[in-house]
Amino acid sequence: MKTIIFLVLAFSVQIIAQSKTESVLTTVQSVNLEKYVGTWYEIAKIPNRFQSDCAKNTTATYSLNEDGTIKVVNRCFEEDGEVDEAEGIARIVDTLTNAKLEVSFVSFLGWRPFWGAYWIIGLDDNYQWAIVGHPERKYGWILSRTKSISEETQTEIFSILAEQGYNINDFEKTIQE
């Protein structure tokens with residue numbers, strides 16, 4: 001009996017390990033950073049603590065730095081109308097595709113101890129919308145060059161998110177005025 005229980009447990013662990021391996025987040029094949037930089041409007045996000053004060057009009061603006069990093073400026077409006085702005089830096093992790101980056105918003109005298117994964121998992125051919133994810137799917141953003149997206153585009157994005165193992169119901173629409 002102990003052998004049967006052991007085999008069942010071992011089989012279960014193997015199935016869980018395989019399902020985790022099979023559900024690895026996949027990035028897009030290539031990102032042209034010169035086309036990617038600029039201002040993006042947040043269409044939706046998985047709610048997170050570092051954006052908890054953001055009530056509306058959330059944007060991310062990227063610009064290339066001379067050293068190959070990317071300047072990141074995230075901006076939103078709080079309920080009381082105050083502007084909340086965070087400036088950070090992104091570095092490319094996968095130089096073959098430019099689709100895997102890390103972002104840091106914390107600096108101590110130039111030293112950045114904390115970096116967060118920023119993986120581009122969906123991208124319009126004309127760089128009009130993007131999907132940014134995290135390998136553990138604890139974060140996710142839908143970004144657009146415009147303040148809104150069409151129903152057709154939303155359906156396409158949700159399809160990509162579902163294929164990538166995200167629960168689309170985890171995403172909260174961002175108010176853009």
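All values below come from the heavy atoms of this structure, side chains included, with hydrogens, waters and symmetry mates left out.
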For [X] and [Y], which heavy atoms make the closest approach, and how far apart are they?
X      : Y      : result
Arg112 : Ser104 : NH1-O, 3.3 Å
Leu123 : Ala130 : CD1-CB, 3.9 Å
Thr97  : Val28  : CB-O, 4.3 Å
Tyr62  : Val37  : O-CB, 3.3 Å
Val72  : Ile89  : CG2-C, 4.2 Å
Ala90  : Leu101 : CB-CD2, 4.2 Å

*Could you tell me whether the side chains of Glu42 and Gln51 share a donor-acceptor contact shorter than 3.5 Å?*
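Judged by distance alone, the side chains do pair up.
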_Is a donor from one side chain sitting under 3.5 angstrom from an acceptor on the other, for Thr39 and Thr59?_
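No.
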Atom pair [atom1]/[atom2] of [X] and [Y] - distance to nearest 0.5 Å:
X      : Y      : atom1 : atom2 : value
Ile43  : Glu172 : CD1   : CD    : 13.5 Å
Trp40  : Gln128 : CH2   : CD    : 7.0 Å
Asp53  : Cys76  : CG    : SG    : 7.5 Å
Thr95  : Ile92  : OG1   : CD1   : 8.0 Å
Leu33  : Lys35  : CG    : NZ    : 12.0 Å
Ile121 : Glu163 : CD1   : CD    : 10.5 Å

*asked:* Assess the residue pair Arg75 and Thr58 against the criterion (side chain to side chain contact (heavy atoms under 4.5 Å, CB included)); give the C-alpha distance rounded to whole Å, side-chain angles, the decisive distance to 0.1 Å, and a yes or no.
replied: CA-CA 6 Å; Arg75 187 172 194 235; Thr58 302; over 6 Å; no
Can you find a pair of side-chain heavy atoms, one from [X] and one from [Y], that are under 4.5 Å apart?
X      : Y      : answer
Phe108 : Pro113 : yes
Asp84  : Phe77  : no
Phe158 : Ile142 : yes

_The test is side chain to side chain contact (heavy atoms under 4.5 Å, CB included); show your working for Thr27 and Ile120 and say whether it passes._
CA-CA 6 Å; Thr27 62; Ile120 302 168; 5.8 Å; no
_Donor-acceptor pair, side chain of Lys71 and main chain of Asn65, under 3.5 angstrom_ =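 Such a contact is absent between Lys71 side chain and Asn65 backbone.
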*May I ask you to decide if Thr153's main-chain N or O and Ser150's side chain share a donor-acceptor pair within less than 3.5 Å?*
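Yes: the side chain of Ser150 pairs with the backbone of Thr153.
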_Would you say that more than 12 heavy atoms from the other residues, nucleotides or ligands in this model lie under 6.0 Å from the CD1 of Ile175, or not?_
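No, not enclosed.
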*Please check if atom CZ in Arg137 has more than 12 non-hydrogen atoms from other residues, nucleotides or ligands closer than 6.0 Å.*
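Count over threshold, so yes.
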Taking a hydrophobic cluster as the set of Ile, Leu, Val, Met, Phe, Trp and Tyr residues connected by side-chain heavy atoms closer than 4.5 Å, whether directly or through intermediates, do [X] and [Y] fall within one such cluster?
X      : Y      : value
Tyr118 : Ile131 : no
Tyr36  : Ile160 : no
Ile157 : Ile168 : yes
Val73  : Tyr41  : no
Leu161 : Ile46  : yes

*What about Tyr166 and Phe171, are their ring centers closer than 6.0 Å?*
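Yes: the rings meet the under 6.0 Å criterion.
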*Verdict with reasoning, Asn32 to Asn98, per side chain to side chain contact (heavy atoms under 4.5 Å, CB included)*: CA-CA 7 Å; Asn32 178 330; Asn98 292 333; over 6 Å; no
_Would Arg91 and Trp115 count as a cation-pi pair here, with the cationic atom under 6.0 angstrom from the ring centre and within 45° of the axis?_
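So Arg91 does make the cation-pi contact.
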*Find out whether the Lys NZ or Arg CZ of Lys45 is both under 6.0 angstrom from the six-membered ring centre of Trp141 and within 45° of the ring's axis.*
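Verdict for Trp141: no cation-pi partner in Lys45.
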*asked:* The test is side chain to side chain contact (heavy atoms under 4.5 Å, CB included); show your working for Thr174 and Gln176 and say whether it passes.
replied: CA-CA 6 Å; Thr174 302; Gln176 291 288 353; 4.0 Å; yes
